[in-house]
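Scroll down for the structure; my scribbles are underneath it.
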Amino acid sequence: MEKREQLYAGKAKSIFKTDDPDHLIMLFRNDTSAFDGKRIEQLDRKGMVNNKFNAFIMGKLQAAGIPTHFVKLLSDTEVLVKTMEMIPVECVVRNLAAGSLVRRLGVQEGLELNPPTFELFLKNDALGDPMVNESHVQSFGWATPEQLARMKELTFKINDILKALFAEGNMLLVDFKVEFGLHKGEVILGDEFSPDGCRLWDKDTREKLDKDRFRQNLGNVVESYEMVGQRLGLTF
Ligand code: UDP
């Protein structure tokens, strides 16, 4: 597989073409952003840790029947993925209240959400990723009703699989964001799953082990990401 020109650079990852139109290379950089890209810092080793963490999670999801764009690890910071047409909507599931839900509704952080909530956000940094609903998705043509139903079904399945996986490492999956796209007409999971896009708390102490350490200046960001991996049996 030959790496060709860069197609796109996001806040933490870059995408490159390959000599095969069906495959792309995703590069995990050390850049760490928060607040819709208003704050960006370099965190040593983060690209490598997130690449390996993502590969581990994508493998688990695929084994549990979730279709993903993941193909194989290429290097410490690069992964081969299937080319897909992204659906510009972020799917968020919450098991416990945190982050924007707490700010929006004034509820207590850690409030248990039963059943878990499902939220949609438009991917648009300039607008601050506004929350949207299923009707917006239809009216603006971001996804068909069938694709949206599949995204929702897969997001809840991912929640079930990963809640159980993180529980084995004595962690609570508080919430997470996933993104989907279309590959040969099929809705598949894209982007990444890492502590950059989810909230994970220690089950006993409720210590934050995810990107909130960066957002809230708690320190030891990459060290915590590595610890999360290690609790799942990963070595970096
Ligand atoms: N999230 C993300 N990218 C975004 C917005 C949110 O990965 O652009 C993740 C975030 O890490 C958390 C979940 O989605 O795990 C819910 O985020 P929330 O709506 O609480 O927003 P935040 O507090 O991050 O502004």
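Numbering of residues begins at 1 and proceeds along the displayed sequence. The structure displayed is predicted, hence computed values, not measured ones. Note that ligands are numbered from 1 as they come in the structure, with each ligand's atoms numbered from 1 the same way.
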**Prompt:** If you measure from atom 25 (O) of ligand 1 to every heavy atom of Arg215, Glu179, Arg103, Arg199, which option wins on shortest distance?
**Reply:** Arg103
**Asked** With a 4.0 Å cut-off, would you call Asp20 and Arg4 a salt bridge?
**Response** no
**Asked** Counting from 1, what ligand 1 atoms have a heavy atom of Ser100 closer than 4.0 Å?
**Response** 18 (P), 19 (O), 20 (O), 21 (O), 23 (O)
**Request:** Do me a favour and list the nearest non-hydrogen protein atom to atom 13 (C) of ligand 1 with residue, atom name and distance?
**Result:** Asp175 OD1, 3.5 Å
**Asked** So, are Asp76 and Lys52 salt-bridged, with charged N and O less than 4.0 Å apart?
**Response** yes
**Message:** If you scan the protein for heavy atoms around atom 6 (C) of ligand 1, do you find one that is closer than 4.0 Å?
**Reply:** no
**Message:** If the cut-off is 4.0 Å to any non-hydrogen atom of Gly99, which atoms of ligand 1 fall inside it?
**Reply:** 20 (O), 23 (O)
**Message:** To the closest 0.5 Å, what do you measure between CZ (Phe176) and CG (Asn95)?
**Reply:** 7.5 Å
**Request:** Verify the neighbour count for atom CD of Gln42: are there more than 12 heavy atoms of other residues, nucleotides or ligands below 6.0 Å?
**Result:** yes
**Asked** Applying a 4.0 Å heavy-atom criterion (strictly less than), which segment of Lys211 is in contact with ligand 1: side chain, backbone, both, or neither?
**Response** neither
**Request:** Would you mind listing which atoms of ligand 1 come within a distance below 4.0 Å of any non-hydrogen atom of Asp129?
**Result:** 8 (O)
**Asked** Which protein heavy atom lies closest to atom 4 (C) of ligand 1, and at what distance to 0.1 Å?
**Response** Glu90 OE1, 3.6 Å
**Item:** Atoms of ligand 1 close to Cys198 [distance to a heavy atom under 4.0 angstrom, numbered from 1]
**Value:** 11 (O), 15 (O)
**Item:** Side-chain ion pair, Arg150 and Glu146, N-O less than 4.0 Å
**Value:** no
**Request:** Take Ile188 and Met84 through the test side-chain contact (heavy atoms from CB on, under 4.5 Å) and record every step on the way to the result.
**Result:** CA-CA 8 Å; Ile188 65 171; Met84 43 190 260; 3.6 Å; yes
**Prompt:** Only one of Arg199, Lys211, Lys163 clears salt bridge (Lys or Arg N to Asp or Glu O under 4.0 Å) with Asp175; which?
**Reply:** Arg199
**Prompt:** For Asp196, is the nearest heavy atom under 4.0 Å from an atom of ligand 1?
**Reply:** yes
**Message:** Can you report which non-hydrogen protein atom sits closest to atom 1 (N) of ligand 1, along with the distance?
**Reply:** Lys177 CB, 3.8 Å
**Request:** For the pair Asp19 (side chain) and Glu2 (backbone), establish whether a donor and an acceptor sit closer than 3.5 Å, ignoring hydrogens and angles.
**Result:** yes
